[in-house]
Amino acid sequence: VFVECFSFSIIMICSYLSQSWTEQHIRSALCERATEGARAAAHSVLSVLCDAVVHLDSGLAVKEPDAKLCHLLKKLDETGGPSSLLAGDSFVEHVVEQDRKRFLDFMTLTSADGSHALDAAMPQGPVAVLHVS
């Protein structure tokens with residue numbers, strides 16, 4: 001009888017742990033999917049509203065060169081298409097020198113929600129920067 005009760009207890013514990021792990025895994029997968037969907041939606045909206053969308057890594061290097069950004073910076077390949085050479089470039093090098101310190105100061109700011117918006121007038125016209133951590 002003791003062996004049967006012990007076996008039953010072990011089976012119940014394993015079932016409970018398995019159920020908990022499965023629920024946690026499903027919750028995590030759904031949250032990740034929702035986050036990715038929200039990120040894609042934000043990118044779509046920004047692509048329509050902005051001249052270019054730039055994804056930077058923690059060192060402010062360009063992660064994913066956008067075709068619009070390549071055209072704005074005149075970084076085109078020999079066929080006139082967007083250049084992949086922009087990937088890995090320090091974005092700060094492409095900011096007008098007199099605005100670099102202000103840009104770096106802005107990018108190092110953090111807030112409770114992790115986002116900032118900045119409008120700055122550059123010689124070429126107004127620029128809006130949305131900083132999302």
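All values derive from a computational prediction rather than experimental measurement.
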Could you work out, with side-chain contact (heavy atoms from CB on, under 4.5 Å) as the rule, every residue matching Ala52, not counting sequence neighbours?
Asp66, Lys68, Leu69, Leu72
So the side-chain hydrogen bond (donor to acceptor under 3.5 Å, both in side chains) pairs with at least one residue in residues 12-21 (sequence neighbours excluded) are Gln19-Glu23
Across all chains, not counting sequence neighbours, the salt bridge (Lys or Arg N to Asp or Glu O under 4.0 Å) partners of Lys63 are none
Please identify each residue that fulfils salt bridge (Lys or Arg N to Asp or Glu O under 4.0 Å) with Glu36, with sequence neighbours left out.
Arg39
Tracing side-chain links under 4.5 Å among I, L, V, M, F, W and Y, which residues wind up in one group with Leu30?
Ile26
Given side chains that start at C-beta, do those of Leu104 and Leu60 come closer than 4.5 Å, heavy atoms only?
yes
Exercise: identify the closest heavy-atom pair between Arg100 and Glu93:
NH2-O, 3.0 Å
Only counting residues at least two apart or in another chain, list the ones meeting side chain to side chain donor-acceptor pair (under 3.5 Å) with Ser44.
none
Kindly give the cluster partners of Met12, where membership spreads through any ILVMFWY side chain lying under 4.5 Å from a current member.
Phe8
Salt bridge flag under 4.0 Å for residues Asp105 and Arg102
no
Working to the nearest 0.5 Å, report the span between CG of Leu17 and OG1 of Thr22.
10.5 Å
So CD of Glu97 and CZ of Phe103: to nearest 0.5 Å the spacing works out to 15.0 Å
Contacts of Ile10 meeting side-chain contact (heavy atoms from CB on, under 4.5 Å) (sequence neighbours excluded), chain-then-number -> Phe6, Cys14
So, for Gly88 and Ala61, which heavy atoms are closest and what is the spacing to 0.1 Å?
O-CB, 3.7 Å
Taking Gly59's backbone N and O only, do any of them form a donor-acceptor pair with Asp57's side chain (distance below 3.5 Å, no angle check)?
yes
With a 3.5 Å distance limit and no angle check, can you tell me whether Ser9 reaches the backbone of Cys5 through a side-chain donor-acceptor pair?
yes
